[in-house]
Every structure is written in C-alpha cells, then in structure tokens.
Amino acid sequence: MSMKKIIIANWKMNPQTAEEALRLVKGILAQRLSKNIELIIAPPFVYLDLVRKNCGREIKLAAQNISWAERGAYTGEISSLMIRNLGCDYVIIGHSERRHKMGETDEMINLKLKAAFKVGLVPVLAVGEKESNDDIIKVLTRQVKSALEGIGVSEIGRLIIAYEPVWAISTSGTGMIDTPDHALSAVLLIKKIMSNLYGSEWAADLPVLYGGSVTSENAYDFITQSGISGALVGDASLKLQDFIKIIKEAEINE
Ligand code: PGA
C-alpha cells in the first residue's frame with residue numbers, strides 16, 4: 001500500500017522573530033512541492049496565524065500543544081477549539097519535552113487527545129522511551145494505551161503517532177542516533193499495540209513517523225523504510241536548506 005509520506009517540522013520554541021518564521025515558510029514554498037507528501041509545520045502559537053496566512057495550500061499547520069481543558073479560567077492555556085478555529089488541522093500531543101520538562105502526565109495526554117478529537121484536530125501523538133536501555137515494550141505499551149484510554153473505535157478520528165526515542169533527540173545531549181532498523185521495529189511494535197486496541201485493519205492504515213536527530217543525511221534511510229510513514233523533524237527543520245533536502249528525500253521515495 002502506498003501512502004503519502006508525512007513530514008512535520010517541529011520548530012519547538014524557535015525562531016525568536018516573526019521575520020525568521022516567515023523566511024523559513026517562504027523558503028519552503030519557493031520549492032515546487034510534490035503533492036505526494038503531506039508537509040506540516042508546527043510553529044510556536046504566536047506564529048500560527050502568520051504561517052497560516054503565508055503557507056499556501058501545500059503546507060498544513062500543527063500546534064505544538066493544546067490545553068486538556070475545554071475553555072475558561074486557565075491562564076496561559078490555549079484550547080483545542082481556538083486552534084481549530086485558527087485553521088490548524090493537526091496538533092502534536094505528548095512530545096517528550098512536554099512530558100519530561102513541563103511535567104505532562106499520561107492522564108493529561110489522554111485528555112488532550114480527547115480534546116483534539118472533539119474538535120476534529122488530527123493529533124500527532126509522540127511516544128518514546130527515555131533511555132536507550134529502557135524496556136521499550138513496556139514504555140510504548142503504557143504510553144499508547146494510556147493516551148487512548150476511554151477512546152472507542154467510534155470516537156477515534158484520524159491519528160498520527162510519532163515514535164521519538166528521547167535519547168536520540170538532537171538536544172538530548174547523548175549524541176546518540178537511532179538506527180533505521182531499530183526505529184522500524186519500534187514502529188511495528190506501536191502498530192501491534194494499536195492493532196490490539198482497534199483491530200488490525202485500522203492499525204495497518206495508521207501512519208507512524210520516526211523522530212530524533214533526523215537530518216538531510218539520514219532522512220532517506222528512515223523515510224524509505226516501508227513501515228515508517230515519515231518524519232518528525234526538530235533541529236533540522238529550522239535550517240532551510242537541510243529541511244528542503246529532507247522534503248526532497250520524501251518526494252523521491254514516493
Ligand atoms: P530533533 O527533534 O530532530 O532535533 O532531534 C525531534 C523532536 O524532538 O521532535
């Protein structure tokens with residue numbers, strides 16, 4: 001089965017100016033983008049509107065986070081409906097930096113997924129073990145199951161899962177990179193867990209991405225694994241030429 005490869009640029013808390021955000025978007029748009037890839041940019045909240053107005057139809061938008069609460073007295077929070085109303089289609093939920101640096105729990109992630117589905121946002125659920133010697137079966141099973149707890153097959157909308165081993169993220173400080181083989185085995189494990197929850201047909205169509213130190217040099221090796229549906233790219237998505245090369249690798253693969 002041939003599915004569009006998905007490339008997501010996770011800008012994290014960058015860049016520091018709207019001008020630079022615009023430069024990145026315009027630089028990407030200046031390329032002739034293939035219709036055969038799904039290209040998604042996840043800028044910080046403050047640039048979402050700017051990026052939306054300048055990203056054409058080829059690029060889709062993701063928020064990096066949403067509140068688990070629907071509305072009301074939650075100072076500093078942004079609701080799923082606000083994001084949807086702004087024209088976003090996707091939202092990253094459960095990124096390891098939110099889990100480990102901002103104290104997000106499995107329970108919050110579960111509520112955030114429910115909030116996203118409720119308004120028709122497509123969640124990009126990020127999961128992954130913290131240390132390279134962690135029990136990956138145990139960690140991924142817990143993260144996936146708890147995130148989807150109470151979400152029946154009739155409520156679950158379109159979903160993307162990103163496997164991101166925390167130890168392989170470029171800013172983790174380990175200097176370690178995952179191998180395409182290991183990434184693929186983790187992706188297949190996630191599909192197996194999802195198949196147990198929602199059935200094998202549903203899981204077969206579920207896009208599972210890889211993220212963690214994806215660069216223009218190694219992107220091809222990850223993206224071309226037939227079980228891996230694309231990449232969630234952090235650091236390299238802020239370097240225009242590198243990111244364009246990554247997009248091209250995904251296009252070649254189509
Ligand atoms: P990285 O980040 O590509 O800089 O490793 C990926 C991520 O954290 O989403």
Side-chain angles (χ1 to χ4, degrees), residues 1-10 34 36-40 92 94-97 99-100 124-145 147-148 159-237 239 242-254:
M1 179 184 29
S2 157
M3 276 201 279
K4 278 187 184 186
K5 293 286 177 180
I6 301 168
I7 303 292
I8 306 179
N10 177 13
S34 158
N36 289 329
I37 67 163
E38 201 167 333
L39 182 58
I40 302 166
I92 300 173
H95 191 279
S96 61
E97 284 147 21
R99 292 176 192 263
H100 303 301
V124 180
L125 171 66
V127 295
E129 75 283 7
K130 199 158 184 230
E131 311 290 342
S132 59
N133 57 359
D134 279 348
D135 183 337
I136 184 169
I137 298 181
K138 215 164 131 190
V139 174
L140 294 183
T141 305
R142 195 204 79 235
Q143 288 180 340
V144 170
K145 279 192 171 173
L148 292 158
L159 172 70
I160 297 170
I161 295 186
Y163 168 62
E164 293 207 310
V166 183
W167 52 269
I169 290 179
S170 66
T171 49
S172 67
T174 63
M176 286 156 72
I177 307 178
D178 204 358
T179 62
D181 278 354
H182 178 266
L184 179 62
S185 66
V187 164
L188 294 178
L189 171 62
I190 289 168
K191 283 193 175 251
K192 177 87 189 99
I193 300 165
M194 289 301 283
S195 155
N196 291 340
L197 291 175
Y198 296 101
S200 55
E201 249 173 72
W202 200 94
D205 288 344
L206 171 76
V208 185
L209 317 183
Y210 170 74
S213 298
V214 172
T215 62
S216 53
E217 277 86 47
N218 65 24
Y220 183 84
D221 300 336
F222 287 105
I223 299 169
T224 51
Q225 301 277 342
S226 65
I228 300 181
S229 296
L232 179 51
V233 187
D235 194 51
S237 73
K239 299 171 186 148
D242 287 15
F243 190 58
I244 288 168
K245 273 194 210 151
I246 293 172
I247 297 169
K248 299 284 172 212
E249 300 289 11
E251 287 175 354
I252 291 167
N253 183 53
E254 194 36 55

Could you list the donor-acceptor pairs under 3.5 angstrom formed by side chains in residues 124-133, with sequence neighbours left out?
residue : atom : partner : partner atom : Å
E129    : OE1  : Y163    : OH           : 3.0
E129    : OE2  : Y163    : OH           : 2.9
E129    : OE2  : W167    : NE1          : 2.9

Spatial distance of atom [atom1] ([X]) from atom [atom2] ([Y]) [nearest 0.5 Å]:
X	Y	atom1	atom2	value
L39	K5	CG	NZ	15.0 Å
L148	Q143	CG	CD	11.5 Å
I161	M194	CD1	CE	4.5 Å
E251	I223	CD	CD1	10.5 Å
L232	I40	CG	CD1	9.5 Å
I246	T215	CD1	OG1	6.5 Å

Please report the closest heavy-atom contact between [X] and [Y], naming both atoms and the distance.
X	Y	answer
S229	P207	OG-CA, 3.4 Å
N218	S213	ND2-O, 2.9 Å
D242	A236	CB-O, 4.0 Å

Y210: partners by ring pair (Phe, Tyr, Trp, His ring centres under 6.0 Å), with sequence neighbours left out: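 Y210 satisfies ring pair (Phe, Tyr, Trp, His ring centres under 6.0 Å) with F222 once adjacent residues are dropped.
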Does anything in residues 162-176 pair up under salt bridge (charged side-chain N to carboxylate O under 4.0 Å, His left out), and if so which pairs, sequence neighbours excluded?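 Residue pairs passing salt bridge (charged side-chain N to carboxylate O under 4.0 Å, His left out), neighbours aside: none found.
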Applying salt bridge (charged side-chain N to carboxylate O under 4.0 Å, His left out), which residue pairs with at least one partner in residues 210-237 are found, sequence neighbours left out?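 Matches after skipping sequence neighbours: D235-K239.
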Qualifying residues under side-chain hydrogen bond (donor to acceptor under 3.5 Å, both in side chains), relative to S172, sequence neighbours excluded: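 Partners of S172 under the side-chain hydrogen bond (donor to acceptor under 3.5 Å, both in side chains) test: T174.
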Taking the side chain from D134 and the backbone from I136, do they hold a donor-acceptor pair closer than 3.5 Å?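 No: the side chain of D134 does not pair with the backbone of I136.
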Verdict with supporting geometry, I169 and H95, side chain to side chain contact (heavy atoms under 4.5 Å, CB included): CA-CA 11 Å; I169 290 179; H95 191 279; 4.3 Å; yes
Could you list the residues that satisfy side-chain contact (heavy atoms from CB on, under 4.5 Å) with S237, not counting sequence neighbours?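 Per chain and number, S237 pairs via side-chain contact (heavy atoms from CB on, under 4.5 Å) with A9, W11, V233, F243.
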Validation row: I37, I6 side chains within 4.5 angstrom (heavy atoms):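 Result no, sub-4.5 Å side-chain heavy-atom pair not found.
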For a 4.5 angstrom cut-off between non-hydrogen side-chain atoms, does I92 reach N10?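 Touching, per the 4.5 Å side-chain cut-off.
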Could you tabulate the donor-acceptor pairs under 3.5 Å formed by side-chain atoms of residues 179-191, not counting sequence neighbours?
residue : atom : partner : partner atom : Å
T179    : OG1  : H182    : N            : 3.1
H182    : ND1  : D178    : OD1          : 2.8
H182    : ND1  : D178    : OD2          : 3.0
S185    : OG   : H182    : O            : 2.8
K191    : NZ   : A203    : O            : 3.3
K191    : NZ   : A204    : O            : 3.2
K191    : NZ   : L206    : O            : 2.8

Who passes salt bridge (Lys or Arg N to Asp or Glu O under 4.0 Å) against E97, sequence neighbours left out?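 Partners of E97 under the salt bridge (Lys or Arg N to Asp or Glu O under 4.0 Å) test: K12.
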